[in-house]
Amino acid sequence: MELTVRGSSLRDVAAILSITRASDIASTGEPDWTEDEVVATLTAPDLDPAVDTWLAFGPDGSPLAWAYVDNPERSERDNVEVYAVPGAGPFTFGPLLDLALARIAERGAAIVQAGVVPAEIAYVEALTARGFAFRLRRARMTRELTGQERPPDARFGVRVMREDDLPRFHEVFQTAFADLADHVPQDFATWRASLAALPSVSWDEWLVAESGGVIVGILQSSDQGVERGEGWVKNLAVLREHRGTGIGRALLEAAFAVYAAKGRTTAGLGVDVTNPTGAYQLYTSAGLTAAFAADMYELVR
């Protein structure tokens, strides 16, 4: 099939949304992308849509696939995403991946990561043909919020993060995640700059848990699900010596209560199902269930 491929812009939001939603429905059974998320991706500070995104059209001018590369954490690892409408994947995954990998070489990233729903066989084949190898499996988990959610017992020392907590918040996050396979270390200045570049941050949804007056657990929320009425837990971390004490569950309960108070109807998060800290088990015990799984593939250049 002959394709016409060009960079994308905010004028293409509707076309991109039609592709991503069709791809989501085919692979997971429901649309996951929202208009706000497409706009946030195209306007991210680490991404130039003219050269870091690609929109593919068929001979009749219909939008068939969209790809982009980004690096929101500004690390040595670039992410590549490719979406295609049902039936177009075998014709579009390879060409768009080749364009993305050429651009990533220019950007200088040493590692490339791609997420794939297991049902996307053509995408897996395109990735492995270009040297990608399976790294780990992540689950997208969700639970309904009833509006009756309540904060945890005060003995867990959970509260909303203050601005002067940020250095300690970062320290706990980096320390607790250090042993995980997909963790990319970041110094405080780089991490803080990445937060400043986000289109919005609901700081009142960022939580800490204290023990003896010292922060030992953190929960970072993201605004990515706001448009669909979802509270999103981006990161949850508890220092090793304080795990198994109920702090992780208390942070989740506090986040659910905050989300529900804002009228959110669901809460969600992503987790490595092989996480050695027992995160998956914690989340299921808090009422979260796996909506679908995605495999992470990685290419070391």
Salt bridge or not for [X] and [Y], using N-O below 4.0 Å?
| X | Y | answer |
| --- | --- | --- |
| Arg168 | Glu210 | no |
| Arg140 | Asp32 | yes |
| Arg192 | Asp187 | no |
| Arg143 | Glu230 | no |
| Arg301 | Glu106 | no |
| Asp165 | Arg159 | yes |

Are any non-hydrogen side-chain atoms of [X] and [Y] less than 4.5 angstrom apart?
| X | Y | result |
| --- | --- | --- |
| Leu10 | Thr43 | yes |
| Gln174 | Pro185 | yes |
| Tyr297 | Thr128 | yes |
| Leu55 | Ile16 | yes |
| Leu97 | Leu127 | yes |
| Asp98 | Arg130 | yes |
| Val158 | Val208 | no |
| Val5 | Leu96 | yes |

Verify the cluster assignment for [X] and [Y]: are they in a single hydrophobic cluster under the rule of side-chain heavy atoms below 4.5 Å apart?
| X | Y | result |
| --- | --- | --- |
| Phe256 | Val160 | yes |
| Val201 | Met161 | yes |
| Leu166 | Leu251 | yes |
| Ile25 | Phe93 | no |
| Val258 | Leu219 | no |

Which is it for Ser8 and Thr53 under the side chain to side chain donor-acceptor pair (under 3.5 Å) test, yes or no, and what are the steps along the way? CA-CA 6 Å; Ser8 54; Thr53 74; 2.5 Å; yes
Please work out whether the ring planes of Trp66 and Tyr83 are parallel, tilted or perpendicular, with thresholds of 30° and 60°.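 Trp66 vs Tyr83 ring planes: parallel.
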Other residues, nucleotides, ligands: >12 heavy atoms within 6.0 Å of [X] [atom1]:
| X | atom1 | result |
| --- | --- | --- |
| Gln281 | CD | yes |
| Glu35 | CD | no |
| Arg240 | CZ | no |
| Glu144 | CD | no |

Is the backbone of [Y] close enough, under 3.5 Å, to the side chain of [X] for a donor and an acceptor to pair up by distance?
| X | Y | result |
| --- | --- | --- |
| His170 | Gln186 | yes |
| Arg77 | Val112 | no |
| Arg150 | Gln148 | yes |
| Arg103 | Leu99 | no |
| Glu120 | Val117 | yes |
| Thr20 | Leu17 | yes |
| Ser23 | Ile19 | no |
| Asp52 | Pro49 | no |

Rounded distance [0.5 Å steps], [atom1] in [X] versus [atom2] in [Y]:
| X | Y | atom1 | atom2 | value |
| --- | --- | --- | --- | --- |
| Leu42 | Leu47 | CG | CG | 7.0 Å |
| Leu299 | Leu101 | CG | CG | 6.5 Å |
| Ser27 | Ile121 | OG | CD1 | 12.0 Å |
| Trp232 | Asp223 | CH2 | CG | 13.0 Å |
| Asp12 | Ser18 | CG | OG | 10.0 Å |
| Gln224 | Trp33 | CD | CH2 | 9.5 Å |

Kindly indicate, with the supporting measurements, whether the criterion side chain to side chain contact (heavy atoms under 4.5 Å, CB included) is fulfilled by Ile218 and Leu207. CA-CA 6 Å; Ile218 60 97; Leu207 308 171; over 6 Å; no
Chi angles and distances behind the side chain to side chain contact (heavy atoms under 4.5 Å, CB included) call for Phe177, Leu236: CA-CA 9 Å; Phe177 275 67; Leu236 172 65; over 6 Å; no
Of the non-hydrogen atoms in [X] and [Y], which two are nearest, and what is the gap between them?
| X | Y | result |
| --- | --- | --- |
| Pro31 | Asp24 | CA-CB, 3.8 Å |
| Pro151 | Ala257 | N-CB, 3.8 Å |
| Pro45 | Ala197 | CG-CB, 3.0 Å |
| Tyr123 | Ala114 | OH-CB, 4.1 Å |
| Pro90 | Gly87 | CD-O, 3.8 Å |
| Thr142 | Ala291 | CG2-CB, 4.3 Å |

Option among Arg138, Arg137, Arg135 that satisfies the side-chain hydrogen bond (donor to acceptor under 3.5 Å, both in side chains) test with Asp295: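 Testing each of Arg138, Arg137, Arg135 against Asp295, the sole residue satisfying side-chain hydrogen bond (donor to acceptor under 3.5 Å, both in side chains) is Arg137.
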Indicate whether the side chain of Asn71 and that of Asp78 have a donor and an acceptor atom separated by less than 3.5 Å.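 Judged by distance alone, the side chains do pair up.
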Indicate whether any N or O donor in one side chain lies under 3.5 Å from an N or O acceptor in the other, for Tyr259 and Ser221.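 Looking only at side-chain atoms, Ser221 and Tyr259 do form a donor-acceptor pair, the distance falling under 3.5 Å.
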For Trp206 together with Phe169, are the ring centres under 6.0 Å from each other?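 Yes - the distance between ring centres of Phe169 and Trp206 falls below the 6.0 Å cut-off.
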Steps toward side chain to side chain contact (heavy atoms under 4.5 Å, CB included) verdict (Leu282, Leu252): CA-CA 9 Å; Leu282 167 64; Leu252 282 174; 4.1 Å; yes
Using the rule given for side chain to side chain contact (heavy atoms under 4.5 Å, CB included), can you reason through Lys262 versus Glu205, listing the C-alpha separation, both sets of side-chain angles and the distance that settles it, and then say yes or no? CA-CA 10 Å; Lys262 291 186 171 186; Glu205 298 177 12; 2.8 Å; yes
Check the pair Ser202, Asp204 against side chain to side chain donor-acceptor pair (under 3.5 Å), reporting the backbone distance first and the verdict last. CA-CA 5 Å; Ser202 298; Asp204 60 327; 4.6 Å; no
